[in-house]
A.B. asks: 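For reference, the structure I am asking about is given below.
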Amino acid sequence: MATPSAFSSLLSFSAIVVAAAAVVFAAGVTAQPLPPARQDGFVYTGHRVDPDTVVVEAFLDPVCPDSRDGWPPLKQALQYYGPRVWLVVHLLPLPYHDNAFVASRALHIVNALNTSATFQLLELFFKQQERFYNDQTKNMSRAAIVDSIVKFATQAVGNSYYSSIASGFNNRQTDLKTRVSFKYSTSKGVSATPSFFLNGFILPNAGSPINYKGWRGFIDPLIAAQGQRR
Ligand SMILES: *[C@@H]1O[C@H](CO)[C@@H](O)[C@H](O)[C@H]1NC(C)=O
Ligand SMILES: *[C@@H]1O[C@H](CO)[C@@H](O)[C@H](O)[C@H]1NC(C)=O
């Protein structure tokens, strides 16, 4: 059993170890500054937001089946509303989807190379996401998975971008951007995908897709209310 003085010196020793670890951590790891220089999110349509534009924020995971199922009805609703509705997609790579972070990072890499190919890649993930499920990739090394996702992502931007995408995975900035997406999502309290915010407020049943009828049910009344205001 430790005497009181041995105990207190143990305590102060622990305090020194903790302080030293904090210094090493601060020096060795350069965390990205927050807030980021540019707001997180991929803007689905480029049109200008006027004060009456209804803003949808979608929090998606490219390898999540419910995100996949929620995408077509959301697209259909956007087509219906045209410029009255604006969509920003935020990525939330879920920790229990083994390849979600790599897939999300690929989206950030492609977005930086060619912004208009971002949603093509997202849709490609939704079409073939089974390839990157946990069970299907459990015998693959991390390097093999990255290699496979580099080839996969190349399909969205064209073969000439292969080496740019591959080197994107060695660029720390793309890792940091993906972390910002994760942090943005969790800072909003989002822990399930898909989750949707409408004009800044979360819609019920986070983690479940919303069908086209559901979207009309949410958005029609907002647009009607805007009409009354005019
Ligand atoms: C960017 O992607 C779009 C959509 O895939 C394509 O039409 C366009 O040619 C691409 N631009 C470049 C510079 O590769
Ligand atoms: C993974 O490896 C085990 C053992 O070799 C094999 O039985 C299993 O079928 C493999 N799974 C996949 C998805 O390739």
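Indexing begins at 1, ligand by ligand and atom by atom, following the structure's order.
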A.B. asks: By the definition side-chain contact (heavy atoms from CB on, under 4.5 Å), identify the one residue from Trp215, Tyr44, Tyr81 that meets it with Val56.
C.D. replies: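 Exactly one candidate clears the test, Trp215.
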
A.B. asks: Taking atom types as modelled and ignoring hydrogens, do the side chains of Asn99 and Thr137 form a donor-acceptor contact shorter than 3.5 angstrom?
C.D. replies: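 Distance-only check passes for Asn99 and Thr137.
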
A.B. asks: Can you pull out the closest protein heavy atom to atom 13 (C) of ligand 1? Residue, atom name and distance to 0.1 Å, please.
C.D. replies: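 For atom 13 (C) of ligand 1, the nearest protein heavy atom comes out as Tyr161 OH, 3.6 Å.
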
A.B. asks: Taking only heavy atoms of Ser116, which atoms of ligand 1 are found under 4.0 Å from at least one of them?
C.D. replies: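 By the 4.0 Å cutoff, the relevant atoms are 1 (C), 2 (O), 3 (C).
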
A.B. asks: Give me the residue, atom name and distance of the protein heavy atom closest to atom 12 (C) of ligand 1.
C.D. replies: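 Ranked first by proximity to atom 12 (C) of ligand 1 is Asn114 ND2, 3.4 Å.
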
A.B. asks: Whether Glu57 and Lys188 form a salt bridge (side-chain N of Lys/Arg under 4.0 Å from carboxylate O of Asp/Glu) is what I want to check.
C.D. replies: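 Looking at Glu57 together with Lys188, the answer is no, because their closest N to O distance does not fall below 4.0 Å.
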
A.B. asks: Give a yes-or-no answer on whether the side chains of Tyr133 and Gln129 include a donor-acceptor pair shorter than 3.5 Å.
C.D. replies: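 Indeed, the side chains of Tyr133 and Gln129 share at least one donor-acceptor pair under 3.5 Å.
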
A.B. asks: Decide yes or no for Pro35 and Tyr184: does some side-chain heavy atom of the first lie under 4.5 Å from some side-chain heavy atom of the second?
C.D. replies: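 Heavy-atom side-chain distance check fails, nothing below 4.5 Å.
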
A.B. asks: So is Asp135 touching ligand 2 or not, going by heavy atoms under 4.0 Å?
C.D. replies: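 Yes, Asp135 has a heavy atom closer than 4.0 Å to ligand 2.
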
A.B. asks: Mind listing the closest non-hydrogen atom pair of Val63 and Phe132 along with its distance?
C.D. replies: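 Val63 and Phe132 have their closest heavy atoms at CG1-CB, 3.9 Å.
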
A.B. asks: Can you check atom 9 (O) of ligand 1: any protein non-hydrogen atom closer than 4.0 Å?
C.D. replies: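 Given the 4.0 Å cut-off, atom 9 (O) of ligand 1 does not count as touching protein heavy atoms.
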
A.B. asks: Among all the protein's non-hydrogen atoms, which is closest to atom 2 (O) of ligand 2, and how far away is it?
C.D. replies: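 Going atom by atom, the protein heavy atom closest to atom 2 (O) of ligand 2 ends up being Asn139 ND2, 2.3 Å.
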
A.B. asks: Which residue owns the protein heavy atom closest to atom 4 (C) of ligand 1, what's the atom, and how far is it?
C.D. replies: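 In this structure, atom 4 (C) of ligand 1 has Gln120 OE1, 2.9 Å as its nearest protein heavy atom.
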
